[in-house]
Amino acid sequence: MGLEEEFLDKLAGDLIFRLPPSFTTVEEERRHRKERLAVALRTFGRFGFEEGVAGHITARDPERTDHFWVNPFGMSFKHIRVSDLILVNHQGQVVEGRYPVNEAAFAIHSQVHQARPDVVAAAHSHSVHGRALSALGRKLEPITQDACAFYQDHGLFDDYTGVVTDLEEGKRIAAALGDTKAVILRNHGLLTVGDSVDAAAWWFVTMERSSQVQLLAEAAGTPVPIEHENAVLTQGQIGNDLVAWINYQPIADQTIRENPDVFD
């Protein structure tokens with residue numbers, strides 16, 4: 001029995017404990033993904049992750065798997081509702097919705113979704129500490145328990161050639177991501193993926209915070225890293241998408257409570 005199965009087995013019983021939902025129809029699943037996408041975007045706005053028109057989160061459509069839902073170009077994360085989301089195909093055409101797509105969002109996310117059929121959602125934004133760490137051209141170090149979620153499970157796109165508008169650049173970013181959960185884009189910021197919108201959003205939130213901790217620790221002195229064996233163990237305990245989904249629920253609950261119009 002693996003760690004994830006052991007965890008689920010321990011939850012059996014009469015206690016109320018939320019786990020990822022299942023769906024009887026594709027319409028229900030689509031609506032759920034769109035709702036969680038809108039909530040994630042509001043959360044990014046609440047946490048100050050936007051910088052002008054930069055930043056995007058995508059969710060693969062459960063039926064048309066070569067299409068993804070994404071926030072419209074030029075709309076504040078803090079204002080986005082479910083009805084504002086747009087559906088884009090892998091040719092960059094908006095097939096549902098009233099707004100244009102961010103060109104960089106299409107160039108990056110279309111290639112990530114094509115390269116990773118296991119990925120339901122991808123998140124990228126120009127958060128402050130993610131950008132600061134990216135400017136160093138380095139990965140996260142295993143200096144805290146939380147950072148160990150990314151130990152040997154994130155990549156570095158060690159290049160910068162301007163705003164990403166070229167599909168070939170998107171392919172190179174997808175290659176740097178590989179089969180991991182995240183990639184640091186040098187001089188640019190962070191990108192995370194997951195098997196749900198909630199997982200991708202959590203990975204971004206905790207990666208941004210881990211970037212902040214690493215920068216603070218290095219500014220104060222020389223951080224003491226967690227030993228390789230313990231970092232590997234911890235990654236196995238907290239580094240899967242189910243744990244990410246669970247960690248994200250309190251954050252999503254706060255966003256929904258403060259933004260009841262998000263589902264409009």
Side-chain angles (χ1 to χ4, degrees), residues 37 40-41 44-45 47-60 66-78 80 85-94 97 99-116 119 121-140 150 153-194 200-201 203-205 207-212 214-215 218:
L37 177 56
L41 289 159
F44 276 31
F47 287 171
F49 290 166
E50 61 187 334
E51 184 82 5
V53 299
H56 14 85
I57 310 176
T58 54
R60 190 190 302 272
D66 60 345
H67 292 53
F68 55 80
W69 296 92
V70 63
N71 49 301
F73 179 74
M75 183 177 292
S76 170
F77 289 168
K78 294 180 180 179
I80 289 174
L85 299 173
I86 59 175
L87 182 65
V88 180
N89 64 23
H90 278 192
Q91 288 72 51
Q93 299 167 323
V94 176
Y99 303 97
V101 63
N102 184 312
E103 192 174 356
F106 170 69
I108 296 172
H109 290 252
S110 66
Q111 301 311 304
V112 168
H113 282 287
Q114 285 188 45
R116 291 283 300 275
V119 164
H124 166 66
S125 196
H126 293 186
S127 55
V128 172
H129 301 99
R131 278 186 290 168
L133 183 64
S134 79
L136 302 178
R138 292 170 43 213
K139 293 184 177 181
L140 280 176
F150 300 94
D153 196 22
H154 70 294
L156 172 65
F157 181 63
D158 196 12
D159 194 10
Y160 181 81
T161 60
V163 177
V164 181
T165 58
D166 189 303
L167 291 181
E168 290 304 315
E169 190 81 345
K171 289 179 181 177
R172 294 205 298 136
I173 289 173
L177 172 68
D179 61 358
T180 68
K181 65 164 62 77
V183 60
I184 297 173
L185 312 179
R186 201 193 75 200
N187 307 110
H188 190 170
L190 312 176
L191 184 144
T192 60
V193 299
W203 293 136
F204 192 96
V205 169
M207 194 176 200
E208 163 68 12
R209 289 172 170 171
S210 292
S211 298
Q212 181 180 9
Q214 181 166 317
L215 293 165
E218 291 176 343

Novice: Under 4.5 Å between any side-chain heavy atoms of Phe106 and Val88, yes or no?
Specialist: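 Side chain of Phe106 against side chain of Val88, heavy atoms only: contact under 4.5 Å found.
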
Novice: What I want to check is whether the side chains of Glu50 and Ser76 have a donor and an acceptor closer together than 3.5 Å.
Specialist: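 There is such a pair between these side chains.
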
Novice: With Phe47, which residues qualify under ring-ring contact (aromatic ring centres under 6.0 Å, His included), at least two apart?
Specialist: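 With neighbours one apart ignored, the set is Phe49.
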
Novice: Write down the atom of Gly74, the atom of Val53, and the distance for their closest heavy-atom approach.
Specialist: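 Taking every non-hydrogen atom into account, CA-CG1, 3.9 Å.
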
Novice: If we only count heavy atoms from C-beta on, is the Phe44 to Ser127 side-chain gap below 4.5 Å?
Specialist: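 Not touching, per the 4.5 Å side-chain cut-off.
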
Novice: For residues Ile108 and Leu191, determine if any side-chain heavy atom of one lies less than 4.5 Å from a side-chain heavy atom of the other.
Specialist: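 Ile108 reaches Leu191 side chain to side chain.
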
Novice: To the nearest 0.5 Å, how far apart are CG in Leu87 and OG1 in Thr58?
Specialist: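 So the CG of Leu87 and the OG1 of Thr58 are separated by 11.5 Å.
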
Novice: Tell me, which pairs form a salt bridge (charged side-chain N to carboxylate O under 4.0 Å, His left out) where one or both residues lie in residues 68-78, sequence neighbours left out?
Specialist: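 For residues 68-78, and leaving out neighbouring residues, there are no salt bridge (charged side-chain N to carboxylate O under 4.0 Å, His left out) pairs at all.
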
Novice: Hey, could you give me the CG/CD1 distance between Asn71 and Ile86, rounded to the nearest 0.5 Å?
Specialist: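 It comes to 7.5 Å.
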
Novice: Report the C-alpha distance between Leu85 and Leu37 in whole Å, list the side-chain angles of each, state the deciding distance to 0.1 Å, and finish with yes or no for side-chain contact (heavy atoms from CB on, under 4.5 Å).
Specialist: CA-CA 9 Å; Leu85 299 173; Leu37 177 56; 3.9 Å; yes

Novice: Test of understanding: with side-chain contact (heavy atoms from CB on, under 4.5 Å), list the residues that count as partners of Ala182, not counting sequence neighbours.
Specialist: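 Once residues adjacent in sequence are excluded, the partners of Ala182 under the side-chain contact (heavy atoms from CB on, under 4.5 Å) criterion are Phe150, His154, Thr192, Met207.
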
Novice: What are the two closest heavy atoms between Ala200 and Ala122, and how far apart are they?
Specialist: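 Taking every non-hydrogen atom into account, CB-N, 4.3 Å.
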
Novice: For Glu169, what residues pass the salt bridge (charged side-chain N to carboxylate O under 4.0 Å, His left out) criterion, not counting sequence neighbours?
Specialist: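 If we apply the salt bridge (charged side-chain N to carboxylate O under 4.0 Å, His left out) test to Glu169, skipping adjacent residues, the hits are Arg172.
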
Novice: Excluding sequence neighbours, so at least two apart, what forms salt bridge (charged side-chain N to carboxylate O under 4.0 Å, His left out) with Arg131?
Specialist: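 Per chain and number, Arg131 pairs via salt bridge (charged side-chain N to carboxylate O under 4.0 Å, His left out) with Glu51.
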
Novice: Among all residues two or more places apart in sequence or in another chain, which pass the ring-ring contact (aromatic ring centres under 6.0 Å, His included) test with His56?
Specialist: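 Partners of His56 by the ring-ring contact (aromatic ring centres under 6.0 Å, His included) criterion, ordered by chain and then number, come out as His109, His124.
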
Novice: Looking at Tyr99 and Pro72, what are the two nearest heavy atoms and their distance?
Specialist: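 Looking at all heavy atoms of both residues, the shortest contact is CB-CB, 3.3 Å.
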
Novice: Got a sec, which residues hit salt bridge (charged side-chain N to carboxylate O under 4.0 Å, His left out) with Lys139, two or more places apart in sequence or on another chain?
Specialist: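 Salt bridge (charged side-chain N to carboxylate O under 4.0 Å, His left out) check on Lys139 returns nothing, list empty.
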
Novice: Does Arg209 use its side chain to pair, donor to acceptor, with the backbone of Phe204 at less than 3.5 Å?
Specialist: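 No: the side chain of Arg209 does not pair with the backbone of Phe204.
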
Novice: Do Gln114 and Lys171 come close enough that some side-chain heavy atom pair is under 4.5 Å?
Specialist: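 Side chain of Gln114 against side chain of Lys171, heavy atoms only: no contact under 4.5 Å found.
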
Novice: Restricting to side-chain contact (heavy atoms from CB on, under 4.5 Å), what partner residues turn up for Asn89, sequence neighbours left out?
Specialist: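 Applying side-chain contact (heavy atoms from CB on, under 4.5 Å) to Asn89 gives His67, Gln91, Gln93, Val95.
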
Novice: Minimum heavy-atom separation for Leu215 to Ala132, with atom names?
Specialist: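 Looking at all heavy atoms of both residues, the shortest contact is CD1-CB, 3.5 Å.
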
Novice: Excluding sequence neighbours, so at least two apart, what forms side-chain contact (heavy atoms from CB on, under 4.5 Å) with Glu103?
Specialist: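 With sequence neighbours excluded, Glu103 shows a side-chain contact (heavy atoms from CB on, under 4.5 Å) to Thr165, given in chain and number order.
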
Novice: Who are the salt bridge (charged side-chain N to carboxylate O under 4.0 Å, His left out) partners of Arg186, not counting sequence neighbours?
Specialist: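 Applying salt bridge (charged side-chain N to carboxylate O under 4.0 Å, His left out) to Arg186 gives Asp158.
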
Novice: Spell out, as yes or no, whether a donor-acceptor pair under 3.5 Å connects the side chain of Asn187 to the backbone of Ser134.
Specialist: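 Side chain of Asn187 to backbone of Ser134, a donor-acceptor pair under 3.5 Å: no, none is there.
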
Novice: If you measure from NE2 on His126 to CG on Leu190, what distance do you get to the nearest 0.5 Å?
Specialist: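 The NE2 atom of His126 sits 10.0 Å away from the CG atom of Leu190.
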
Novice: Which pair of heavy atoms, one from Val183 and one from Phe157, lies closest together, and at what distance?
Specialist: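 Looks like CG2-N, 3.7 Å.
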
Novice: Could you note down all residue pairs passing ring-ring contact (aromatic ring centres under 6.0 Å, His included) where residues 161-181 supplies at least one of them, sequence neighbours left out?
Specialist: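 Listed by first then second residue: nothing to list.
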
Novice: Please report the interatomic distance CG(Leu133) to OG(Ser210), rounded to the nearest 0.5 Å.
Specialist: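 Reported to 0.5 Å precision, the distance equals 10.0 Å.
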
Novice: CG/Leu185 to CG/Leu156 distance, rounded to the nearest 0.5 angstrom?
Specialist: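 Taking CG in Leu185 and CG in Leu156, the distance rounds to 8.5 Å.
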
Novice: Please report the interatomic distance CD(Gln111) to CG(Leu167), rounded to the nearest 0.5 Å.
Specialist: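 Answer for the CD-CG pair, Gln111 versus Leu167, is 5.0 Å.
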
Novice: Nearest heavy-atom pair of Ala54 and Ser125: which atoms, and what distance?
Specialist: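 Distance-wise, the nearest heavy atoms are O-OG, 4.3 Å.
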
Novice: Would you mind listing every side chain to side chain donor-acceptor pair (under 3.5 Å) that reaches into residues 176-185, with sequence neighbours excluded?
Specialist: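 Non-adjacent pairs meeting side chain to side chain donor-acceptor pair (under 3.5 Å): Asp153-Lys181.
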
